[in-house]
Amino acid sequence: MLWYLAGALLLMIVLRKAQLRLVLSLAKHGSLSGHARIARFIARRVPHYEFDDGRFFSADDAPAEVAARRRAGFEQLAALYTERYPKGAALTREVEDALSDLQFTARYRVPFQFSARVRRQLRGGAFLQSSAQTTVTDLDGNRFFDLSGSYGMNLFGYDFYKECIERGSAAVRDLGPVLGQYHPVIAYNVRRLREISGLAEVSLHMSGTEAVMQAVRLARYHTGRRYLVRFCGAYHGWWGDVQPGVGNPVAAERTYTLKDMDPASLRVLRMRRDIACVLVNPLQAMHPNSSAPADSGLMNARHPAGVGRAAYAQWLRQLRQVCSERNIVLIFDEVFVGFRLAPGGAQEYFGVRADMVTYGKTVGGGLPIGVVCGRAELMKRYSEERPADICFARGTFNSHPYVMGAMHEFLRRLESEPIRSIYRDLDAVWEQRARQLNERLRAEQLPLQVSHLSSIWTVNYLQPSRYHWMFQYYLRAEGLALSWVGTARLIFSLNYTDADFAAVAERVLSAARAMRRDGWWWPGAALSEKAIRRRVLRELLQAWWATSSIGSRSSPRSRYSGARQ
Ligand SMILES: Cc1ncc(COP(=O)(O)O)c(C=O)c1O
């Protein structure tokens, strides 16, 4: 009898585990971003290959006439870059071999098959000498409208941040760089952050990545559960646990990556007992389930993918409900979108409250920052009942007086009328600008459109092509500065006037006309998205075959050949 009972119990446990496993599998997105291990496995095996001189201009089998037009356009652009950016290019050449970060960003601006030649011939230079309002100026004196947004930090124009830094520095100068104790400006900062977030406690860090780490660590500490849930494609900084796929050399063992905006994911949250927190990056409303696009991966069309404010708000409400029911900590990662969508951030914009919110980028008033705001019972790093059980978090520079000074100025100005007035009709302003630009692009039958979440924009390409990434170089030639992800992210500061925007729109149109004139958007008869995908796959297999058959069979993981002699 006892054996039967034990057997039945065991069977129930096994069946329950199988059910949980199945429900989890059903909540994985079908793309590679939804399958971190497979994505890493494949990424490690993608072989390098480059196009030779001829193939560079006819990777899509364009006829000789089109390839010749492309070549002429490329050479012309290269000559213009050489003439316009000599000092910047020289200094970049001088440091690039020793500056790992620069090597990385330079290499991944365009698809790798094209990268070497582009780096050799289209040298824009990685240096700037000054900024003012919506513009930046390079070492050679060229002024650009800045569409990089300094990774999203620049919300109100560069002069605004210079003033925050200057006034903030003046306010804390007497204390200087003393760490470990606080400058009094922090009291105001904490009060304002509590008001803005609607949450009881605040902790201060040095970057957005660190803020996310701390929020997750606290959620694990207080719930006693190990797993964090993130949604497919969402970026939360470069800490390993939030980057389980390509980019992280080891597996993230305590992360579930689920489908965004899908009932299957809600089912997982309802059924599992090991989930500490759900991390949401509200920017994903622009492209749920896919990573932030980058021109380095742009080998085909790029389609608009946004779901709109109302649909995403509805999803957040569903998440809120299930997290409350299951005592799962709901964390909004507002490092990027906080303050950009509304003065009260994504919580205000989508009308949903989180248990914890992370902020970063702009809230430092131009200096490095990460902030966690949370409910009091979640923010405690110790237990009243068990004093040895702590959740340790410190950081040498975490309340640096100069950062606190600049933040103080930022938060103070946020309350001022000029800034408050910027937020009025914010969505309508950017909606109208995007619509107007799209209408003009359509009127000229140019094969691109923009989509956006307020002031964060993406360029979409409506027809298949292997050369859309070239567009970033035409935009630069027109005096528009983009970040290393190229046309994937155009980030406007909110102080762009209608006149500034009109000038940007003119330049976008002019760059697009030049791109078409030079043949990069040749609409070949057999050029379908599927055909391009097939062709890239064939190239990869050929390259893989070539590298494996000439005997370079070393493990893709063992690139390091030995210690320093
Ligand atoms: C949503 C989000 N979280 C976290 C981070 C990481 O912030 P940081 O680069 O300051 O470490 C970023 C950076 O882009 C971000 O966009």
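Order of listing sets the numbers, starting from 1, for every ligand and every atom in it.
Using bins of under 30°, 30° to 60° and over 60° for the plane-to-plane angle, the ring pair Tyr227/Tyr256 lands in the parallel bin.
Taking 4.0 Å as the cut-off between side-chain N and carboxylate O, Arg375 and Glu201 do not count as a salt-bridged pair.
Residue Arg217 holds its CZ atom at 10.0 Å from CG of Asp241, rounded to the nearest 0.5 Å.
For the 3.5 Å distance criterion, the side chains of Gln133 and Asn495 qualify, holding a donor opposite an acceptor.
Annotation: atom 8 (P) of ligand 1 to nearest protein heavy atom, Gly208 N, 3.5 Å. If you check which protein heavy atom lies closest to atom 2 (C) of ligand 1, you get Asp333 OD2, 3.4 Å. The nearest heavy-atom contact from the protein to atom 9 (O) of ligand 1 is Thr209 OG1, 4.4 Å. Among protein heavy atoms, the minimum distance from atom 16 (O) of ligand 1 is reached at Phe336 CB, 3.5 Å.
Heavy atoms of Lys361 come nearer than 4.0 angstrom to ligand 1 in at least one pair. Put simply, part of Tyr235 is less than 4.0 Å from ligand 1, judged by heavy atoms.
Shown in contact with Ser207 at under 4.0 Å from a heavy atom are these atoms of ligand 1, numbered in order with element: 10 (O), 11 (O).
Looking at every heavy atom in both residues, Ile328 comes nearest to Leu269 through CD1-O, 3.7 Å.
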